[in-house]
Amino acid sequence: MNIASVIVDVPAKQTDKPFDYLIPEQYKEVIVPGVRVNVPFGPRNIQGFVTGLKTESNFKKLKSIAEPLDLTPVLNPELLELGDWLTEHSLCYKISAFQAMLPAALKAKYEKKLILAPKAALNDLPEEVRHLFAGGKEAKWEEAVEQGLIDTLKKVAARGLVEVVYQVKDRVRKKRLRHISPTVDQSVMKSQFDQLAANAKGQRVLIEYFLQHPEPVELRALLSSLSISQASVKGLVKKGILGEQDLEVYRDPYEAREFQRKEALQLTSAQKDAIEPVLSSINEDRHEVFLLYGVTGSGKTEIYLQSIQKVLSKGQEAIVLVPEISLTPQMVKRFKERFGDLVAVMHSGLSAGEKYDEWRKIQRREVKVVVGARSAIFAPFENLGIIIIDEEHETSYKQEENPRYHARDVAIQRGLTHRCPVVLGSATPSLESFARAQKGVYTLLSLPERMNQQPLPKVELVDMREELRQGNRSMFSSLLFEKLQDRLEKGEQTVLFLNKRGHSSFVMCRDCGYVINCPNCDITLTYHRHKEQMKCHYCGFEDIVPAVCPECASEHIRYFGTGTQKVEEELNKLLPEARVIRMDVDTTGRKGSHEKLLNAFQEGAADILLGTQMIAKGLDFPNITLVGVLSADTMLHLPDFRSSEKTFQLLTQVSGRAGRHELPGEVVIQTYTPEHYSIELAGSQDFDRFYQQEMVARKVHKYPPFYYLSLITVSHEELMKAVSITEKITRFIASRLSQEAVILGPVASPIPRINNRYRYQCLIKYKKEPELKSALKAILDHYQQESASSTLQISMDLNPYILM
DNA sequence: AGCACGCCGACT
DNA sequence: GTCGGCGTGCTC
């Protein structure tokens, strides 16, 4: 086994296969499948993953691996195989699959440098390039490029005076801190202690300390706790009594927080019925998918916790996925309180270094439970006992870039290999999952009632057209306003929800109706107040708001759309005594600010919490007795077959925030289309009827769960090319599929142009097309320039959530 | 992805 | 005649 197969870090069709390398004798032990290596590839060095070992290669002249980058594999055999599965199911490159499974910190960073040849001196170089080397032996390539010195350097390189080198670097290093420990045994320390000079007070204290605690201790902590100076330590190190070493420490994002350990709660009989099948599946090492369908506040989390408890007692591990966890600090708290240090937390709010450290804890078997967002599904556990996906209907479980995977599918795949249960929990299951539960593919577990027998909040729908007719032009209906005032008087809290998406503030001329668009994309620019700027959310274009209309020169240019800022202003006007906390992207940008705002609200620092999507989840405060939805239908009219489902889920979710404890809750939903079934049925909180109605609609329009979808998006700088290539692809697909398949295209994408690239697409609806995948692969093969040339890009999504 | 090799236009 | 444009193909 002196040859390694390596997947190299070049995401391109042509390099998406293993390359063989010789294993240098001194690395025989470390180079095993799953370790990252640094390999020569063409003229440069790049990172790669060892996927297998062998004794022979078809290739004649093999190069050698330059160096291993890990001492233990970062991908275990299961994850290597899962990488194959991911590649196959999402049609991505193998390297992309591997990288998606690891923390970003492990992705290579490349540095191109110039180094002075050993035989050359600085003075041998032409004068104009000498300063680049700034006294040392190295120069940065980028700097040379910026100063236009590449040509000169090329000539110098030809004379053998400088060399170009490529370096592979890890993005983040393990954090190491200096530790001190005794290097001699107790008796020696004691005898040294007696020989200390009378004025060596610090050294005395130190030896006394280490006689008690011989284990390594972090230097700075030691200095401050013994209140001595570094000089004393140095003195003993010099005498050979103490030694210094750098040990790895973890960056702990929850370090400052104390978590009180809590015991399991008594389960209600409904909870007992629901958890029983899960427990027996755990006991029997049986893979089974459960859909835990429980209304908000029905105690799903306790079921998760006790199932995990069971898994841990068997010596196994657990993965819990939650949608974007930084949004639910309460959830983290519950897990940390129950399982303490056994929990690792992974979410987007952590720095790359912090994420890496959490991942290391898993890899080193120091934790048994991981709570995290989508990518935590790849946690490198080897003895998984359960996978839980909370709020399983959330669309954030689908990754919208390559590899385009759905965490639910990965979970089930891993559940199969580990022979362990997968629990999907939701108060508003996705149609796909619910349909599978109905068919018996998943096992349905129901929690139809709230735990403390609190009734679900009373929901009232307000027809905003009627309000308008009665002359109320404000964004608050008279009913909502009344209730708001009432809560203020009683000192109870209100949550106001505004779904900004699809209605974000755009800039329009009131005279001619001209809307300001992005020059590069077919999308309106969004107005950002704090910088008095307009921004494109797709290409990043920014511009100042014009004083006059670019079309008709009118000065009546205004921003439209009800943003949270505007609501806040109006609240301040109408209810000046009310204290408002606003939560949206602008106010929660900084790390930890989200939690700070929520804590402030919980402690009663405000009467009204006003926010977007992000407040729909996980809020569980006793004093909230009113929830207001300012405009329920903003997302209903998006070009998305899931818009009804999303509307229903969101409204149900938000309503669930009210009256979760002793005080009863009320919900007011304002809408312009109260007759729409998703709004009406969210009003009556009737998931079953919504499910039936929506299933009919899906069946009629041939959408999931009746049909599978695949979306091909072609983008090109030239409109005609985009159209004609999409057309060719569409015809090719049609020729390869059966009559049952529905092929829609070519049509312009809902956003027809992004960053000056025209976008056309082809949507395929099908039930069973064994040929589809090979046809899609053939297309990718044929247009293999795909990412190589910037002119043509083809993206494929085998189960799109966003049809854009 | 980089980079080299290779074949056609406008210039010292 | 050459310098340099970026199309094509290769990297174990």
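Within every chain, numbering begins at 1; the chains are lettered A, B, ... in the order of the sequence lines, protein sequences first and strands thereafter.
Taking the six-membered ring wherever Trp is involved, the centroid distance between the rings of Y405(A) and F378(A) falls below 6.0 Å.
In this entry the distance linking CH2 of W141(A) with C1' of dG2(B) reads 11 Å, nearest Å. Rounded to whole angstrom, the span from the CD atom of E111(A) across to the C1' atom of dA1(B) amounts to 18 Å. I95(A) has its CD1 atom 13 Å from the P atom of dA1(B), to the nearest Å.
Listed by first then second residue, pairs satisfying salt bridge (charged side-chain N to carboxylate O under 4.0 Å, His left out) with a partner in residues 56-66 of chain A number zero, not counting sequence neighbours.
Shown here for C92(A) and T87(A), the closest heavy-atom pair between the two residues is O-CG2, 2.9 Å.
A ring pair (Phe, Tyr, Trp, His ring centres under 6.0 Å) with F49(A) holds for exactly one of Y93(A), F98(A), F19(A); it is F98(A).
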Please list, pair by pair, any protein nitrogen or oxygen found under 3.5 Å from a nitrogen or oxygen in nucleotides 8-12 of chain C.
from	atom 1	to	atom 2	distance (Å)
dT11(C)	O3'	G42(A)	N	3.0
dC12(C)	OP1	P40(A)	O	3.3
dC12(C)	OP1	G42(A)	N	3.4
dC12(C)	OP2	K63(A)	NZ	2.5
dC12(C)	O3'	D20(A)	O	2.9
dC12(C)	O3'	K63(A)	N	2.6
dC12(C)	O2	D20(A)	N	2.6

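No salt bridge links R408(A) with E394(A); every basic N to acidic carboxylate O contact stays at or beyond 4.0 Å.
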